Amino acid sequence: MRAMTQIDTQRISRLEKLLYRMEAQVACLAWVFQELSGMPGPVFEMGLGHGRTFSHLRRYLPGRDIYVFDRAVNSYPDCTPQADHIILGELAATLPAAAARFAGQVVLAHSDVGSFSQEHNSAMAGLVSAHLAPALAEGALVLSDLPITVPGTTRLPLPPGAREDRYYIYRFSRR
Ligand SMILES: C[S@@+](CC[C@H](N)C(=O)[O-])C[C@H]1O[C@@H](n2cnc3c(N)ncnc32)[C@H](O)[C@@H]1O
């Protein structure tokens with residue numbers, strides 16, 4: 001895999017930042033979809049938001065159980081999962097509980113819980129880093145909008161089409 005070159009984040013506009021993040025998100029998800037073929041298991045979508053990435057996951061991973069997390073449901077009606085696949089509440093409470101419930105089963109965790117606040121982002125990165133690992137299956141992929149340090153994961157290079165540091169991919173192993 002070879003990612004696009006590093007960008008100078010001081011010299012790009014907010015619009016370009018959004019564009020590059022979306023570009024990286026789509027490229028990383030496309031790469032992950034290929035990697036997941038032959039790896040059965042549920043998916044965690046942390047940060048349902050308007051449901052855009054949930055809709056993408058549902059389209060490209062048909063038949064998978066996709067469990068979404070958020071404080072509240074604020075998604076497009078056609079991008080809203082069934083009630084039994086929505087895990088509502090503060091991630092600080094819901095993620096540890098879900099990690100215990102799905103222990104060792106989750107093959108893809110997509111974390112998209114960042115915002116414009118650095119304080120929020122560092123709290124979210126800490127939370128996901130601290131509580132996700134027990135949920136993960138051997139070889140699971142973790143995709144994140146924020147840099148995270150989940151024990152047992154190794155950062156992977158980004159696929160073509162994704163600019164450096166706009167998204168992050170990790171692979172988990174217990175060995
Ligand atoms: C960037 S949006 C997600 C966008 C979404 N993936 C999409 O494609 O539409 C981030 C979401 O994370 C949720 N979120 C942020 N912090 C959270 C927390 N501590 N607990 C639960 N949800 C949280 C927000 O409510 C928000 O909906």
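Here the structure is a predicted model, which means the values were calculated and not measured.
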Validation row: [X], [Y] side chains within 4.5 angstrom (heavy atoms):
{"X": "Leu18", "Y": "Met22", "answer": "yes"}
{"X": "Arg71", "Y": "Leu88", "answer": "no"}
{"X": "Phe54", "Y": "Ile66", "answer": "yes"}
{"X": "Leu141", "Y": "Tyr170", "answer": "no"}
{"X": "Glu35", "Y": "Arg171", "answer": "yes"}

Would you confirm whether [X], through its side chain, and [Y], through its main-chain N or O, come within 3.5 Å as a donor-acceptor pair?
{"X": "Asp65", "Y": "Pro42", "result": "no"}
{"X": "Asn121", "Y": "Ser115", "result": "yes"}
{"X": "His110", "Y": "Phe44", "result": "no"}
{"X": "Glu138", "Y": "Arg174", "result": "yes"}
{"X": "Ser144", "Y": "Pro147", "result": "no"}

Side-chain heavy atoms nearer than 4.5 Å, only ILVMFWY residues, links allowed to pass through others: does that put [X] and [Y] together?
{"X": "Leu143", "Y": "Phe33", "result": "yes"}
{"X": "Leu108", "Y": "Tyr60", "result": "yes"}
{"X": "Leu29", "Y": "Val68", "result": "yes"}
{"X": "Leu127", "Y": "Leu146", "result": "yes"}
{"X": "Leu132", "Y": "Met39", "result": "no"}

Determine, for Arg21 against Asp112, whether the closest basic-nitrogen to carboxylate-oxygen distance falls under 4.0 angstrom.
-> yes
Salt bridge flag under 4.0 Å for residues Asp165 and Arg155 | yes
For [X] versus [Y], what's the shortest heavy-atom pair and its separation?
{"X": "Pro159", "Y": "Ile169", "answer": "CD-CD1, 3.8 Å"}
{"X": "Tyr167", "Y": "Cys28", "answer": "CB-SG, 3.9 Å"}
{"X": "Ile86", "Y": "Pro81", "answer": "CD1-O, 3.4 Å"}
{"X": "Gln105", "Y": "Arg101", "answer": "NE2-O, 3.9 Å"}
{"X": "Gly49", "Y": "Asp70", "answer": "N-OD2, 2.9 Å"}

Anything under 30° is parallel, anything over 60° is perpendicular, the rest tilted; go ahead and classify Phe102 against Tyr67.
-> tilted
Any cation-pi pair here, Arg163 with Tyr20, using under 6.0 Å and within 45°?
-> yes
About how many Å separate CG of Leu136 and OG of Ser173, when rounded to the nearest 0.5 Å?
-> 11.0 Å
Roughly how far, to the nearest 0.5 Å, is the CZ atom of Arg11 from the CD atom of Glu16?
-> 11.0 Å
